[in-house]
Amino acid sequence: MEYKKAHVVSVNEIAPSIYDMLLKAPTISAQAKPGQFICLYSNDSAHLLPRPISICEVFGEHVRLVFRIAGYGTRELSAKKTGDEVTVLGPIGNGYPEIPKDKTVTVVGGGIGIPPMLYLARKLYENGNELNIVLGYRDAGLFLKDAFAGYGKIFVATDDGSVGFHGNVVGLIEAEKLPVETVCACGPMPMLKGLSAYTEANGGTAFISLEERMACGIGACLGCITKTKETDGHSHVRNARICTEGPVFDSKVLDFTGGKR
Ligand SMILES: Cc1cc2nc3c(=O)[nH]c(=O)nc-3n(C[C@H](O)[C@H](O)[C@H](O)COP(=O)(O)OP(=O)(O)OC[C@H]3O[C@@H](n4cnc5c(N)ncnc54)[C@H](O)[C@@H]3O)c2cc1C
Ligand code: FES
């Protein structure tokens, strides 16, 4: 994989501390699959490690990213201007698997895990899948919700109860009796754990994207390992590298009980 120069087309704040960035990155957009991410490098040599951000959408030669300011790297990205150059690597990771078009899919995004579900929802819709789209927010700042319109039936849960279901996405899925034969999700780890347990208890399969801390982003440092139930072919221990074997996993291969979890 090669480092590439991408060009910033636009950056807009779409909710408090949440930014929508459009990059012109033709070689990435040509290959990107839903659930993959790109690594963006800082211009400040004091910050060597890249910041991984999921691909939210792809339009022609353009890649859309939506991110929340968490620290130095994301703040630097939020301050980019039209025409700025950014060094990027990608697309990285496995992405969501292909799902037969006769399957109804429950697509679940929580918080800053919502962005990658947009590209996935569009691709599944174009594939002919019927979709239930479950979006979990902290409050009434429903960033990206309208972008899902037309792809399936949309359900909203908010932590503070200001819009939609009062509670978390698992509670909503249970209350609405949504099918969980096939679930694709991204969000905070407690949400993914709860959703995986509910899906597996009901005989379904959950493909979950782990947006955990990373370092190199290219499989070299083991800074992103997650515990698995079986040993892996790379290090022969019960570990998987999120950046290389993930970030999307069938929840059944993960061990939520030990290690970094
Ligand atoms: C595969 C993948 C995809 C991602 N996609 C997105 C995305 O689409 N949009 C988005 O907003 N963020 C996404 N993230 C998280 C994003 O990479 C981090 O928020 C970012 O790297 C933080 O860098 P920083 O320099 O701004 O903050 P730092 O100064 O490095 O950290 C600030 C704070 O954020 C915490 N933090 C750092 N990285 C993470 C992380 N990965 N998860 C949770 N907390 C973290 C730190 O512990 C610290 O408390 C993704 C992460 C991964 C691994
Ligand atoms: S971040 Fe270095 S191996 Fe995954």
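Whatever order the structure lists ligands and atoms in, that order sets their numbers, starting from 1.
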Is the shortest distance from a heavy atom of Ile92 to ligand 1 less than 4.0 Å? no
Have Asp255 and Thr257 got a donor and an acceptor in their side chains that come within less than 3.5 Å? yes
Cys243 SG and Cys224 SG subtending at atom 4 (Fe) of ligand 2 (10° steps): 100°
With heavy atoms of Met214 as the reference, note each atom of ligand 1 found under 4.0 Å away. 1 (C), 53 (C)
Can you tell me if CD on Glu126 sees more than 12 non-hydrogen neighbours from other groups inside 6.0 Å? yes
Ignoring hydrogens, tell whether any protein atom lies closer than 4.0 Å to atom 18 (C) of ligand 1; use the non-hydrogen atoms only. no
Using a 4.0 Å heavy-atom cut-off, which part of Val66 comes near ligand 1: side chain, backbone, both, or neither? backbone
Tyr125 atom OH, neighbour heavy-atom count above 12 within 6.0 Å: no
Is the shortest N/O to N/O distance between Pro52 and ligand 1 below 3.5 Å? yes
Residues, nucleotides or ligands: over 12 heavy atoms within 6.0 Å of Lys252 NZ: yes
Heavy-atom protein contact below 4.0 Å for atom 35 (C) of ligand 1: no
Ignoring hydrogens, what is the shortest heavy-atom contact between Arg138 and Arg68? Give both atom names and the distance. NH2-NH1, 3.4 Å
Is it the case that over 12 heavy atoms from other parts of the model lie below 6.0 angstrom from the NZ atom of Lys153? no
Indicate if the distance from atom 4 (Fe) of ligand 2 to the nearest N, O or S atom of Cys216 falls below 2.8 Å. no
Quick one: closest heavy-atom pair of Thr244 and Gly219, and the distance? OG1-CA, 3.1 Å
Which of the numbered atoms in ligand 1 are under 4.0 angstrom from any heavy atom belonging to Ile53? 4 (C), 5 (N), 6 (C), 7 (C), 8 (O), 10 (C), 12 (N), 13 (C)
Would you mind running through ligand 2 and noting each atom that sits below 4.0 Å from a heavy atom of Cys221? 1 (S), 2 (Fe), 3 (S)
The atoms of ligand 1 lying under 4.0 Å from a heavy atom of Phe67, numbered in the order shown, are 9 (N), 10 (C), 11 (O)
Quick test of your reading of the model: are Arg64 and Asp20 salt-bridged, counting only N-O distances below 4.0 Å? yes
From Phe67 atom CZ to Arg51 atom CZ, the distance as rounded to the nearest 0.5 Å: 12.5 Å
Glu76-Ser42 side chain donor-acceptor pair, cut-off 3.5 Å: yes
Quick check on contacts: which atoms of ligand 1 are under 4.0 angstrom from a heavy atom of Ser54? 3 (C), 4 (C), 5 (N), 6 (C), 7 (C), 8 (O)
Who's the nearest protein heavy-atom neighbour of atom 1 (S) of ligand 2, and how far? Gly217 N, 3.1 Å
Logged contact type for Leu222 with ligand 2, heavy-atom cut-off 4.0 Å, is backbone
Are Glu181 and Lys103 ion-paired here, with the side-chain N under 4.0 Å from a carboxylate O? yes
When you compare ligand 1 with Gly71, is there at least one nitrogen or oxygen pair between them that comes in under 3.5 angstrom? yes
Look at atom CD of Glu200 and say whether more than 12 heavy atoms of other residues, nucleotides or ligands are closer to it than 6.0 Å. yes
Just go through Glu212, Arg213, Arg51 and tell me whose heavy atom is the nearest to atom 23 (O) of ligand 1. Arg51
For ligand 1, which is the ligand I care about here, please tell me if Pro247 has any N or O atom under 3.5 Å from one of the ligand's N or O atoms. no
Here the atoms of ligand 2 under 4.0 Å from any heavy atom belonging to Ala220 are 3 (S)
Working to the nearest 0.5 Å, report the span between CD1 of Ile112 and SG of Cys56. 9.0 Å
Can a protein heavy atom be found under 4.0 Å away from atom 49 (O) of ligand 1? no
Charged N-O contact under 4.0 Å between Glu57 and Arg122: yes
Protein contact of atom 43 (C) of ligand 1 - nearest heavy atom, named by residue and atom, plus distance: Glu211 O, 4.3 Å
Mind checking whether Arg75 has an N or O less than 3.5 Å away from an N or O of ligand 1? no
Do any non-hydrogen protein atoms sit less than 4.0 Å from atom 21 (O) of ligand 1? yes
Ile112: numbered ligand 1 atoms lying under 4.0 Å from its heavy atoms: 9 (N), 10 (C), 11 (O)
Heavy-atom distances under 4.0 Å are what count here, so tell me which part of His47 touches ligand 1: side chain, backbone, both or neither. neither
